[in-house]
Every structure is written in C-alpha cells, then in structure tokens.
Amino acid sequence: MNQRTMITAAAASLMSMAMLSSPALAQNAAKEKCFGIAKAGQNDCANLSGTHSCAGQSKLDMDKGEWKYVAAGTCKDMKGMSMDEAKGGMMKKDDTMKKDDMMKKS
C-alpha cells in the first residue's frame, strides 16, 4: 500500500467517524439529566457522591444522587430534579449526617 492510499484511507475514516458522531451530539442536546428517577441498576452514569462511575450501578430506586437522560423538559413531570437541585439536596443530607455524628461524639 503506498503512502497516498494510506492517507486517503485515513482521511475517509476520520470523515466517516465525524459524520457518525454528529447525530449523537444533536440527540444529546434534546435530552437532560434527571436526578432521583432511576430505578436500581438503571442509572445512566456516575452518581453525585462519586461512589461509582458507571451506568447500571445504582443500588436504590429513586436515589437522589442517581440520574437518567430524559427528553428535555420532561424531568419535572416525572418528579425528578435538576443537577443543582440534587446537589442542594445532597448537601443538606451531608450536613445533617455531620451534625448527627458530632452529636454522637459529644
């Protein structure tokens, strides 16, 4: 295989990969992360607390730190939360746990 053929093949490969990834980007734009709606084992990726980093690893139904992609604008209808709301809920929970731990030590 000569150099010209290799360059042509590489360029064609890169162009086809770029074309395949474009619909995925457009598809993700029409979706949003919705926290607190995923059933156990059905989350889409890492949770807020950082205890796992992969899809399908949630342990509880409707855990506020787990999320799923949903069609944009439908999260509230599903009684879910945005990332900011979920982070706020996680912070309050963490603060309560810290206060409980301090009370036990006293």
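Excluded from the calculations below are hydrogen atoms, water molecules and symmetry mates; all remaining heavy atoms, backbone and side chain alike, are included.
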Is any side-chain heavy atom of Asn47 closer than 4.5 Å to a side-chain heavy atom of Asp63?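 No; the side chains remain at least 4.5 Å from each other.
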Residue pair Ile37 / Lys79, side-chain heavy-atom distance below 4.5 Å: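 Side-chain contact under 4.5 Å: no.
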How close do [X] and [Y] get, counting heavy atoms only, and between which atoms?
X     : Y     : answer
Ala46 : Ser53 : CB-CA, 3.6 Å
Gln42 : Lys68 : O-NZ, 3.0 Å
Cys34 : Gly80 : SG-CA, 3.6 Å

Looking only at atom types and distance, does a side-chain atom of [X] sit under 3.5 Å from a main-chain N or O of [Y], one as donor and one as acceptor?
X     : Y     : answer
Lys33 : Met83 : no
Asp44 : Tyr69 : yes
Trp67 : Ser82 : no
Asn43 : Cys54 : yes

Shared hydrophobic cluster, Met81 / Val70 (ILVMFWY, side-chain heavy atoms < 4.5 Å):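 Different clusters: Met81 never reaches Val70 through Ile, Leu, Val, Met, Phe, Trp or Tyr contacts under 4.5 Å.
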With a 4.0 Å cut-off, would you call Glu85 and Lys76 a salt bridge?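 Salt bridge: yes.
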With sequence neighbours left out, what residues match Lys39 under salt bridge (Lys or Arg N to Asp or Glu O under 4.0 Å)?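 Partners of Lys39 by the salt bridge (Lys or Arg N to Asp or Glu O under 4.0 Å) criterion come out as none, since no residue qualifies.
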Which value, rounded to the nearest 0.5 Å, describes the distance between Gln57 atom CD and Cys45 atom SG?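 Those atoms lie 9.5 Å apart.
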